[in-house]
Structures are given as structure tokens and as C-alpha cells.
Amino acid sequence: MIIVYHKNNKVVEVEIDKKSVDFLQNNIASILFEIAVKYPNDLIIWCNIDFKSNLNISAFNDVFHHHKIMASYNPFSKPFLSDAIGYVEESPFIKISKKVSYPTWQMSSCVGGIHAAVLLALDGKINTGVDFDYFLISLAKLAMEKGLLCYSEPTLLTNVSIKPEERKKSLYIVFKFVKQHYKTRWVVLLFLNLFLYERKVAILPFISTFFYRKRKLENNLLDHINVQSTKTISGIETIDVIIPTIGRKQYLHDVLKDLSVQTHLPENVIIVEQNTNTESVSELDYLENESWPFKIKHTFTHQAGACNARNLALAQVQSKWVFLNDDDNRFGVDLIAETLKECKKYGATVINNSYLKKNEKKESDTVNQAPIFGSGNCFMASELLNNVSFRMGFEFGYAEDTDFGMQLRNLGADVLYFPNPEIIHLSAPMGGFRTKPVLAWRDDIIQPKPSPTVMLYKQLHLTKEQINGYRTILFLKFYKVQTIKNPIRYFKNFKKQWQQSLYWANELITK
């Protein structure tokens, strides 16, 4: 392990095997690449000299448990970039929980580490510059979607509390970063949002972006780096499968058939069948009439709703792992075996498999940190279920699975995307006895916009800037499809709809 200590964007000491060594230059990023060439099999740590006594070296093996991990920690209350980055990116990687290991490209120069193999793969592909913080966030932002797993990791330091913001954030840096890492239209939206919500006219920072070009990396740069986690995530690979279902008898039968021929069989298949007709009984006769190589736990309820059904099923999980399945999925015989194998390889406790409709093209063949979460294609360690559930405020709306994913991330469980093995989502038509729910706001004169459940998610998990950025985009997109074409009337009506959505989101949060 090699530690590079720095101060004010200059290297002050390099320590290899606890011995100080000479170095040829002061540029921190250049030194990292130089060290990687000489020590290609080593973990390289950087640390501001002020935190030298706080380095938690004993935790490094647990944090960097395979070679495709980049981790850092910022003990200050604000990140390097201004909060204005929220106007541009709505992902889960902006609002960071500093209490747990949390996925984000927002790296920090205070302390962090990366394996030499990653630096060697990126050598010459990223401008080192003079600002080490900017170099780090640029590297992470570009490499994250190429398979580098990036985290804010509080265990890198000991006896450090969150400190006030250290320095004033420059809008020039934010505009530069947006121009170099996003589509050009986001520069315009950033300028617009700063004016709308902060009354800032950032003309010079906006003009400065004309001198920068977008940065990008090749897709397969990191593919050759071997991944084999040293983390032990579960000694016993027993697994239960949960399936909420309503009115899809034949589709569910096909799912059970796929499960019955798995090379790694589940212990229990937990089915929650819903039918709102109070005089109805189960239609799933094949659960008893046919022989299955696993135990089936069948719950029949007259209460409709995916959140309630999934919670009923999750409460019955007994195995070390759980597969959150859907009643119209199809998959190969090795889905469970190969997915659990990949989980051990990456030290992952939550993953989403590739989840495509028939004839839909896969966008990525790289394991990466998923910005979304799917409740019909998820494998997860069941110990996490002690602290999460599907929030009932989302019932019959949108974003219940996205919220569930955020609950997991805020526990310190990253959500990884596995391109293989695949799950095919048939998107079957609704069953014949489904009924359209009566939403509490159905008869409101002013209909909420966006949906109150979408607003609820944003209020729970996004920053103020992310919510306002979404508001601007919604305003612009919705104008094209609604009937009010007078811009002033439309603006006034949109404000009322937004406030109505906020009202109902606050009502739903108590459910």
C-alpha cells in the first residue's frame, strides 16, 4: 500500500511500506499515475496531511475488497462542487449519506484510494490538471459508468466529525464540470435554474464553458481488470423467491416452471395472490395439483396493491437471500446460480439483473452502480429486510421501487446492475379482475402535477436543487401536451398543480 500525503494541491510526502520516498514532481494526480506504473499491483491512497493521524488503515482491506473500487471521504459539510450540480443531475449520487458507505462519483481529496490497475487503464485518458479535487470527481464521473465502483466511505477516517464548509464554491467550476461531463443543453438549464431559483445571473461562468470540450472514455477501458472480492457476504446460499400476482394465472405458472428447473433451487417460493372481489377464492389450483421442488407459501388477500403484497411476502422470507420476482418474468435455468456467483465475486448484497422486454436492446454490458432500482428483478441479502419495506404512501402510484432502492442505499447497501444473467419482462396485460384504484385526489378541481407519489419520492430523497431542476424540466415538457397555450395562464395553473402535488405528498408521507 502506498500513501500520498498532500497539501494545497501539492504533494508533501509519499510513503511506501511505511517509509518515506523521494518524488519527482508536485502535481498530485501525475504522482498517482507515476506510482501506478512503478507499483502496478498496489493500492494507492491519497490523504490531506491534516488528516494523517486520522487515517483508519485497518479498514482499508474491507473498503477496497476488489480492484475496481474507488473510495474517498469528505468530512466537510459540503462537497467540492456547489449544490447547484443538483439542477443538472437527478440521480441518487448527489444527496450523500455520510453515515454509511454510499455510492457517488463525488470524490474528495481529503482521503481516498484507488488500485493501480485502474490508474494504469486510465493513464493518458484524463487530464490531470492542477486541482486535485476536480481531477478526482472527473475521473469518478467518467469511469463510474464504465464499471468503476465509487463510494463515499466514512470508515477511511477515525475520530472525525462533520465540519463546516471549508471554502466558497465557484460557479465557474460547476459550469466547467457540466460542460465537460454532460450534454450541452444542461449548461443552458443550469444557467436558467440559477436565475429562476437563486436570482443569479451567471453570464461569465456560462461564457467560460465555450472554451471547454466534453470528456469521455472508451467503453471497455476497465474490462480487463479482474474482480474477485475478499468480502464474505453470506456463507449459506439459500434463497427464497417472492412473487406478488393478480389475474395472471398462466404467466405465473410459467414463472414457477422456470424456477422449478433452476440449477440452484429456491427453498421457498412465496406467492401473494390478490383479488379485490370479496367473494372470490384463489384461482391458482396448480399450486396444489402439481408437484414442485420447493415449498410454496401462498397468501390470498382481497387487498390489492403491490406495496402491501410485497411487504406480506417479504415478512415470510427465511433464507439468506431473496429474489424479488414478478409474475410475468422469464429466465434461464442458471439465473439463481449465476447471479449468486456474481454477487460473491463483487461482494454485492443488492443487485438488479438486466430486465428487458422481448426484442429490446441491452444498453450496457458492464457491471456498474445502478441509478435506479427494480422490484421485479432484484436479488438481495435478506438481512437487509430488517430495516426496509415498501412504503405504503406509494401504493397505487409510482416510485415505490425507487424509494425502496434509496432506503437500501441509505443503509449502506449499494445497488449493482448485472448485465448477465438476464431476466425477460413480458409486460403481460393486466388480469381481468383488476380494478382501477380510487385516488384521494381524483376529484380535485386542480389536479396535482406531478403525481403525488412522484413528489413524495423527491421530497424524501432529493436535494432542493434537484427538485427545482425537475420542476423546470416538467414545466417545459408539459407545456407541449396540455391544453392551455397562453404562457402566463399556463404558468399560474402549473404553480397551483405543483402546490397541490406538494399537499398530497405531505399527506402520503404519514402512511
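Residue numbers count from 1 along this sequence.
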Applying ring pair (Phe, Tyr, Trp, His ring centres under 6.0 Å) to Phe51 and not counting sequence neighbours gives none
Any residue meeting side-chain contact (heavy atoms from CB on, under 4.5 Å) with Lys141, in chain and number order, not counting sequence neighbours:
Glu89, Trp105, Phe177, His181, Tyr182
Set of residues satisfying side-chain hydrogen bond (donor to acceptor under 3.5 Å, both in side chains) with respect to Asp285, sequence neighbours excluded:
Lys249
Taking only residues two or more places apart in sequence, or in another chain, which ones meet Lys295 in a salt bridge (charged side-chain N to carboxylate O under 4.0 Å, His left out)?
none
Distance-only polar pair, side chains of Asn219 and Lys146, donor-acceptor under 3.5 Å
yes
According to ring pair (Phe, Tyr, Trp, His ring centres under 6.0 Å), who are the partners of Tyr457, at least two apart in sequence or on a separate chain?
His461
Under the salt bridge (Lys or Arg N to Asp or Glu O under 4.0 Å) definition, can you give me all pairs with a residue in residues 448-462, not counting sequence neighbours?
Glu90-Lys458
Hits for ring pair (Phe, Tyr, Trp, His ring centres under 6.0 Å) against Tyr470, two or more places apart or cross-chain, chain-then-number order -> none
Can you tell whether the side chains of Glu395 and Lys511 come within less than 4.0 Å, N to carboxylate O?
no
Indicate whether any N or O donor in one side chain lies under 3.5 Å from an N or O acceptor in the other, for Asp258 and Ser260.
no
Lys125 atom NZ, neighbour heavy-atom count above 12 within 6.0 Å
yes
side-chain contact (heavy atoms from CB on, under 4.5 Å) with His264: which residues, sequence neighbours excluded?
Glu237, Ile239, Ile336, Ala337, Leu340
Strictly under 6.0 Å, is that where the ring centroids of Tyr102 and Tyr151 end up?
no
Among all residues two or more places apart in sequence or in another chain, which pass the side-chain contact (heavy atoms from CB on, under 4.5 Å) test with Asn159?
Asn54
Check whether any side-chain heavy atom of Ile242 sits under 4.5 Å from a side-chain heavy atom of Leu314, and report yes or no.
yes
Who passes salt bridge (charged side-chain N to carboxylate O under 4.0 Å, His left out) against Asp17, sequence neighbours left out?
none
Contacts of Tyr398 meeting ring pair (Phe, Tyr, Trp, His ring centres under 6.0 Å) (sequence neighbours excluded), chain-then-number -> none
In residues 64-71, what donor-acceptor pairs under 3.5 Å come from side-chain atoms, sequence neighbours left out?
residue : atom : partner : partner atom : Å
His65   : ND1  : Ser229  : OG           : 2.7
His66   : ND1  : Lys68   : N            : 3.1
His67   : NE2  : His115  : NE2          : 3.3
Lys68   : NZ   : Leu222  : O            : 3.0

Does the side chain of Asn353 come under 3.5 Å of the side chain of Glu422 through a donor N or O and an acceptor N or O?
no
Please determine which of Tyr417, Phe390, Phe404 meets the ring pair (Phe, Tyr, Trp, His ring centres under 6.0 Å) test together with Phe373.
Phe404
